[in-house]
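Report on one structure; see the data block that follows.
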Amino acid sequence: VLCNREEPEKVIDHLKAAKDLEPENILNDLIMIRVFVAQSDHARCHALLRDISQSQGFHPKYLLSICKDAVQSGQKQVARDSLLKLYEHQRESKELTESYSTLLRCLVSLCEEGEEAAAAGDEISKYLAEAHALFETDRSSFLTEKDVSETIHWFAVKAWNHGLHLAKQEETSGERLRTASGMFQAAGTFFDNVENQGAKVCESLLFASVLLLDARGGGEGDSCQDDGKLGELVKALNVTYLKCREEGALEEGLKQKIGRHIPWLQYEIACRAQDVEMALQLLSELKQIIDDPETFVQMAISADRLRAKGNPVKRVATEAALAKFQSTMPVNHQGIAFCLRALVESRSGDAEGLALCSQALEVVRASPAGSFPPEE
C-alpha cells in the first residue's frame, strides 16, 4: 500500500520492522532493494545485493529479477552489480542458471551503455578476457544458446574493437599494451571458430604479437612470460598465415604485410633467445623484403640483447640500415651518419675502425655541401 502511495521512507521503516521479526525472510530484502532502485540509491543497493547473495533463502533468479528492474529504471550500475554477483555465484557453486556467455555479454553491453562508459574500459577488458578464458577451458558452460555462431562472432567483434580502442589511447604503458594484445588474441580465438574468418584471425594474431612486443620494449612486467607468450603468438600466426595463403583467403596487401612481419617478429624472438645463427638467417631474409632503413635500425637496437662476441647480428643489421639509407631518395644523411658512427663504435679492431672512417670520409666528400650533419 505504501509503495503504491509512493511513500518510500515509510516503506523502508515497515520493511525494517518486518526484517526484525523475520531476519531470514529474503522477501523483505527483495522489496527493499526495489525501493532503493527507484530512489537511485546505488550504495544501499550494492550492500543489499551482498546480503541477499549470502542469505539462506537465496536463489540466483532473484538477482536476474533485480537486474531486470534496474534496467527498466535506468539503473545500469545496479544491473551490472546484480549480474556480476550472479556470475561470481555460478563460478563458485558450479550451478548454471544462465550461460556465461549471456552474463558476460550483458555485462559488456551494460558497461558500454552506462553514463560512465568512457571509464568502464578496464571492466570491459576484464569481462572479455573472462569470456576468452572460459571459451577455451569450459566451452559447454560458456555456450548453451541455440545461435552459437552469432554469439562467438559477437565476442570476436567486441574483442577486436576494444583492442583497437586500447591501442589508440594516448596512454601507452606496458600494461595497457598487454591488455590490448590480449584483446586481439581473444578476437583471433573467437574468429577462428567462425566460418570464413581466416584473414581476420591472421590480422588479430599479428596485432596481438606486435603489441606484446611493444609492451615488452617498455621494460615492464614479466619478461620471461612475455617472451614465451610472444613465441606462441608468432607460431600461431605463422601456421594460420601459411594455411590462409594456401587457401587463397588473404588479399594481396594483407598477405604482403603479414609476410614481412613474421620474419621480423621471429628475428626479435631469436634475439631474446640468444640465437645468433637464427637471427642472422632471418636478417638475410628481411634484407630482401623490407626497404625501410628505420626497421633495421630498430633491429640493430634489439641485437643489443645478444651477448655474442663482437655481436655480428648488430653489425649486419646496422650495415643493412646504412645500405637502405644510402639507396633512399632523397638520401637521408642523418641516418647514414648514425649508422657509420654506430659501426665505428662497435668496431672489432683498429683496422676495421680505420676502414669505416675512410668510408665515412668518402661519403662526406660525395655529399652536397652542408648536407652531412656538421657534428659528425
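Atoms considered below: every heavy atom in the structure, side chains included; atoms not considered: hydrogens, waters and symmetry mates. One is the number of the first residue; the rest follow in order along the sequence.
Shortest non-hydrogen contact noted between Ala249 and Ala199 is O-CB, 3.8 Å. Considering all non-hydrogen atoms of both residues, Gln197 and Phe191 come closest at CB-O, 3.4 Å. Nearest heavy atoms, Leu237 versus Ser209: CD2-OG, 4.5 Å. Looking at every heavy atom in both residues, Ser101 comes nearest to Thr151 through CB-CG2, 3.9 Å. The nearest pair of heavy atoms linking Thr318 to Cys339 is CG2-O, 3.6 Å. Among all heavy-atom pairs drawn from Ala208 and Gln185, the shortest one is CB-N, 3.8 Å.
The side-chain hydrogen bond (donor to acceptor under 3.5 Å, both in side chains) check on Gln256 picks up Glu252, with sequence neighbours excluded. By the salt bridge (charged side-chain N to carboxylate O under 4.0 Å, His left out) test, Glu247 pairs with no residue at all, sequence neighbours left out. Partners of His153 according to the ring pair (Phe, Tyr, Trp, His ring centres under 6.0 Å) rule, which considers only residues two or more places apart in sequence or in another chain, do not exist here. Remark: Ser125 engages His162 in a side-chain hydrogen bond (donor to acceptor under 3.5 Å, both in side chains) (not counting sequence neighbours).
Using a 4.5 Å cut-off on side-chain heavy atoms (C-beta onward), Met183 and His165 make no contact. Ser181 places a side-chain heavy atom less than 4.5 Å from the side chain of Leu233. Looking at heavy atoms from C-beta onward, Leu322 lies in side-chain contact with Ile336 at the 4.5 angstrom threshold. Side chains of Val331 and Gln326 form no contact here, defined as non-hydrogen atoms less than 4.5 Å apart. Glu195 places none of its side-chain heavy atoms less than 4.5 Å from the side chain of Ser149. Looking only at side-chain heavy atoms (C-beta outward), Pro263 and Ile289 come within less than 4.5 Å of each other. Residues Glu98 and Leu83 have side chains not in contact (no heavy-atom distance under 4.5 Å, counting atoms from C-beta outward). The shortest distance between side-chain heavy atoms of Leu265 and Leu206 falls below 4.5 Å.
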> Do Lys314 and Leu306 pass the side chain to side chain contact (heavy atoms under 4.5 Å, CB included) test, and can you show the C-alpha distance, the side-chain angles, and the key distance before you say yes or no?
Replying inline: CA-CA 9 Å; Lys314 183 178 179 68; Leu306 292 163; over 6 Å; no
> Is there a side chain to side chain contact (heavy atoms under 4.5 Å, CB included) between Lys158 and Glu112 once you walk through the steps?
Replying inline: CA-CA 11 Å; Lys158 286 295 177 183; Glu112 292 177 333; 2.9 Å; yes
>> Working note: Asp81 + Lys85, criterion side chain to side chain contact (heavy atoms under 4.5 Å, CB included); need CA distance, chi angles, decisive distance, verdict.
In response: CA-CA 6 Å; Asp81 286 350; Lys85 281 291 179 186; 5.7 Å; no
> Checking ring pair (Phe, Tyr, Trp, His ring centres under 6.0 Å) for the pair Trp160/Phe207: CA distance, chi angles, key distance, verdict?
Replying inline: CA-CA 10 Å; Trp160 171 276; Phe207 286 161; 5.6 Å; yes
> Does the pair Glu232 and Lys235 meet the rule for a salt bridge (charged side-chain N to carboxylate O under 4.0 Å, His left out), with working shown?
Replying inline: CA-CA 5 Å; Glu232 292 172 3; Lys235 182 178 179 180; over 6 Å; no
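Salt-bridge annotation for Asp292 and Lys324: absent, with no side-chain N of the basic residue lying under 4.0 Å from a carboxylate O of the acidic one. Under 4.0 Å is where a charged nitrogen must lie from a carboxylate oxygen, and between Arg105 and Glu150 at least one such pair does. Looking at Glu88 and Arg91, no side-chain N of the basic residue comes within less than 4.0 Å of a carboxylate O on the acidic one, giving no salt bridge.
In this structure a side-chain-to-backbone donor-acceptor pair under 3.5 Å is missing from Tyr241 to Ile258. Using modelled atom types, one side-chain atom of Asn311 and one backbone atom of Ala303 make a donor-acceptor pair closer than 3.5 Å. Although no hydrogens or angles enter the test, the distance criterion places a donor-acceptor pair under 3.5 Å between the side chain of Thr179 and the main chain of Glu175. A distance-only check finds no donor-acceptor pair linking the side chain of Arg341 to the backbone of Phe338 [under 3.5 Å]. Between the side chain of Ser65 and the backbone N or O of Lys61 there is no donor-acceptor pair closer than 3.5 Å. Side chain of Gln90 to main chain of Thr97: a donor-acceptor pair is present (N/O by atom type, distance under 3.5 Å, no hydrogens or angles). With Gln266 contributing its side chain and Val234 its backbone, the two residues share no donor-acceptor pair below 3.5 Å. Side-chain atoms of Arg80 do not come within 3.5 Å of backbone N or O of Lys76 as any donor-acceptor pair.
Side chain to side chain, Glu268 and Trp264 meet the donor-acceptor criterion of an N or O pair below 3.5 Å.
Follow the hydrophobic side-chain contacts under 4.5 Å out from Leu283 and you reach Ile269 in the same cluster. Two different hydrophobic clusters hold Val344 and Leu354 under the rule that ILVMFWY side chains link at heavy-atom gaps under 4.5 Å. The cluster map of Ile, Leu, Val, Met, Phe, Trp and Tyr, joined by side-chain heavy atoms under 4.5 Å apart, puts Leu343 and Val313 in different clusters. When hydrophobic clusters are built by joining Ile, Leu, Val, Met, Phe, Trp and Tyr residues whose side-chain heavy atoms come closer than 4.5 Å, directly or via intermediates, Ile262 is grouped together with Leu280. In terms of hydrophobic clustering, with Ile, Leu, Val, Met, Phe, Trp and Tyr side chains grouped at heavy-atom distances under 4.5 Å, Leu110 and Leu64 are assigned to a common cluster.
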Can you give the donor-acceptor pairs under 3.5 Å from side chains of residues 129-142 to other protein atoms, not counting sequence neighbours?
residue: Glu130; atom: OE1; partner: Tyr87; partner atom: OH; Å: 2.6
residue: His132; atom: NE2; partner: Thr189; partner atom: OG1; Å: 2.9
residue: Thr137; atom: OG1; partner: Ala133; partner atom: O; Å: 2.8
residue: Asp138; atom: OD1; partner: Ser141; partner atom: OG; Å: 3.2
residue: Asp138; atom: OD2; partner: Ser141; partner atom: OG; Å: 3.1
residue: Arg139; atom: NE; partner: Phe135; partner atom: O; Å: 2.9
residue: Arg139; atom: NH1; partner: Asn193; partner atom: OD1; Å: 3.2
residue: Arg139; atom: NH2; partner: Phe135; partner atom: O; Å: 3.4

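Counting side-chain heavy-atom gaps under 4.5 Å among Ile, Leu, Val, Met, Phe, Trp and Tyr, Leu361 is found in no cluster with other residues.
Phe155 pairs with exactly one of Tyr127, Tyr100, Phe190 by the ring-ring contact (aromatic ring centres under 6.0 Å, His included) rule, that one being Phe190.
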